[in-house]
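Sequential numbering from 1 along the given sequence is applied to the chain's residues.
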Amino acid sequence: MALVGAIVFVCLRVLPANSLTVALTLVLAIVGIATRWGLTESIAASIGGVLGLNYFFLPPVGTFTITDPQNWVALAAFLVTAITVSQLSVGVRRRAAEAIARRQEVERLNALGQAMLLSGSVRSAAREIVNSIIRTFDIPGAVLFNQIENEFLRSDARAQSIAEDQLRRVADSGEAAIDAKSLTAVVPIRLGGQVIGSLGLIGCTLSAAALNAVAYLAAIGIERSRSIEEAGKVEAARRSEVLKATLLDALAHDLKTPLTSIKGAVTHLLAQQPGAEDKELLTIANEEADRLNRLVVEVLEMARIEASKLHPDRAPHDINDIVAAALKAQEESLKGRAVELRILSPLPAADVDFEFIQQVLKQLLDNAVKYSAPGTPVEIAAETAGERIVVSVSDRGSGIAEEEQSRVFDKFYRGRKSRERVLGTGLGLSIAKGIIEAHGGKIWVTSAPGKGSVFSFAVPMVKGELVR
């Protein structure tokens with residue numbers, strides 16, 4: 001009002017001007033008032049300007065009476081113009097302020113995102129997220145609820161004003177709770193459409209979009225830290241496996257030399273026709289040397305498989321030849337058992353490493369002998385299935401429980417019922433699995449308690465080549 005009075009005084013006493021000049025000057029002043037202070041002030045100035053223009057410049061001067069109807073129109077036009085321009089100016093000012101606020105929010109969100117990249121473990125990341133939000137947005141307090149860990153992380157005592165129940169409700173419902181009066185906001189933390197927690201902010205004036213962006217950055221920070229932790233565990237496990245495989249490989253090689261010497265010495269002594277007692281002891285030593293040698297071979301094979309150093313020398317081979325070689329190698333253990341062959345003829349040639357597949361068959365035959373009653377038959381079958389040849393070894397043993405069937409190919413695993421009465425390391429089937437998978441094949445078991453087991457493996461065939 002003082003500015004309007006000053007303009008009226010100058011135009012009346014200092015630089016006399018007509019009513020049109022005064023009206024235009026007042027409009028410019030009102031626009032400046034709207035830009036600087038706001039709409040309420042500019043409307044007050046508009047009304048003051050109308051009264052001053054009427055009293056000092058429109059006849060009859062010195063009164064608020066208007067005799068000429070055209071002056072009524074002029075005053076009305078002045079008032080409408082002043083208020084309209086004021087509204088436009090205030091709108092521009094408001095949008096400019098909003099744009100500045102959005103830019104500041106974006107800059108702070110960018111700073112928050114950079115801070116997230118420095119987080120470590122999941123717990124330290126959650127703590128750093130809370131502290132970074134407080135520093136970046138200059139707010140009194142914050143609290144983060146990690147639903148996966150069922151953990152609440154608060155910045156300080158001021159964050160106690162947001163109750164745990166409210167944080168849980170927002171996490172469960174996925175709906176934000178914003179209280180404009182108390183300047184508190186609780187928003188869900190989502191990642192990939194799944195709510196993993198909630199974030200509460202105290203003294204917060206951020207827009208809804210900025211709140212969602214902060215929550216999303218918090219989710220990314222937590223998930224990034226979790227991924228780094230998992231990657232670290234995987235890498236540690238991988239290094240442990242590599243170290244274990246290396247140690248096993250070195251140990252197995254160191255054992256083979258003395259074992260060869262022991263085997264040679266025992267064999268030589270047995271050939272000298274020793275007495276009955278000595279022969280019995282030498283025979284036991286010979287058998288145990290063979291068992292220890294098999295164990296060393298299994299450890300070597302397992303080490304090669306785990307180190308991904310198993311490279312089959314694949315070539316076309318007749319499955320009948322591989323079966324015959326395996327049966328000859330297991331001739332001693334199969335004594336007293338009928339071996340039934342069900343091999344379709346002619347079969348395509350198998351694209352395999354002869355020695356490796358023979359080793360798998362020997363292992364399956366050895367299992368069939370160990371886990372079935374003496375004298376019961378063993379069956380070997382082979383047939384085509386698509387572009388593969390499926391070979392099966394069946395026994396009439398006690399069978400394998402359903403919950404154990406998925407674990408029999410794991411390293412060192414042995415069935416609960418047989419681990420005490422049957423000697424073994426639990427490596428044989430794991431090695432067989434590694435060999436078959438190195439051929440790009442698959443191995444599995446079907447069994448039912450009391451009805452025996454069928455171990456099967458599938459290996460690729462040589463297309464278009466039949467063995468007759």
Side-chain angles (χ1 to χ4, degrees), residues 1-110 136-140 176-185 187 201-214:
M1 296 303 291
L3 182 59
V4 169
I7 292 172
V8 169
F9 177 78
V10 170
C11 292
L12 185 65
R13 299 296 182 187
V14 180
L15 298 172
N18 58 32
S19 60
L20 179 60
T21 302
V22 174
L24 291 175
T25 304
L26 286 172
V27 167
L28 290 175
I30 290 166
V31 170
I33 291 169
T35 303
R36 175 64 181 82
W37 287 290
L39 184 61
T40 302
E41 290 81 356
S42 66
I43 290 175
S46 299
I47 295 172
V50 167
L51 295 175
L53 186 63
N54 179 19
Y55 189 85
F56 292 106
F57 296 96
L58 295 180
V61 175
T63 68
F64 290 107
T65 303
I66 299 175
T67 56
D68 188 349
Q70 292 183 358
N71 288 336
W72 281 108
V73 175
L75 282 176
F78 170 80
L79 183 61
V80 170
T81 301
I83 293 175
T84 302
V85 172
S86 296
Q87 287 179 322
L88 293 174
S89 177
V90 169
V92 170
R93 179 188 175 199
R94 185 185 300 114
R95 285 192 292 273
E98 289 175 353
I100 293 171
R102 296 295 87 77
R103 179 175 60 80
Q104 290 175 343
E105 285 181 352
V106 170
E107 290 174 351
R108 289 177 173 181
L109 288 171
N110 182 52
T136 305
F137 295 98
D138 193 23
I139 59 177
I178 301 174
D179 188 345
K181 288 185 178 180
S182 61
L183 294 180
T184 60
V187 291
L201 304 178
I202 301 169
C204 173
T205 58
L206 295 174
S207 63
L211 286 171
N212 290 329
V214 170

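In plain terms, the two heavy atoms of Gly203 and Pro140 that are nearest each other are CA-CD, 3.9 Å. Pro16 and Leu12 make their closest contact through CG-O, 4.4 Å (heavy atoms, listed as atom of the first residue, atom of the second, distance). Contact record, Cys11 with Val22: CB-CG2, 3.6 Å, taken as the closest heavy-atom pair. Summarising the geometry of Val4 relative to Ala45, their closest heavy-atom pair is CG2-O, 3.8 Å, with the distance given to 0.1 Å. Of all heavy-atom pairs spanning Gly49 and Leu26, the tightest one is O-CD1, 3.8 Å.
Contacts of Ala6 classified as side chain to side chain contact (heavy atoms under 4.5 Å, CB included), with partners at least two apart in sequence or in another chain: none.
Expressed to the nearest 0.5 Å, how far CG of Leu24 lies from CG of Asn18 amounts to 9.0 Å.
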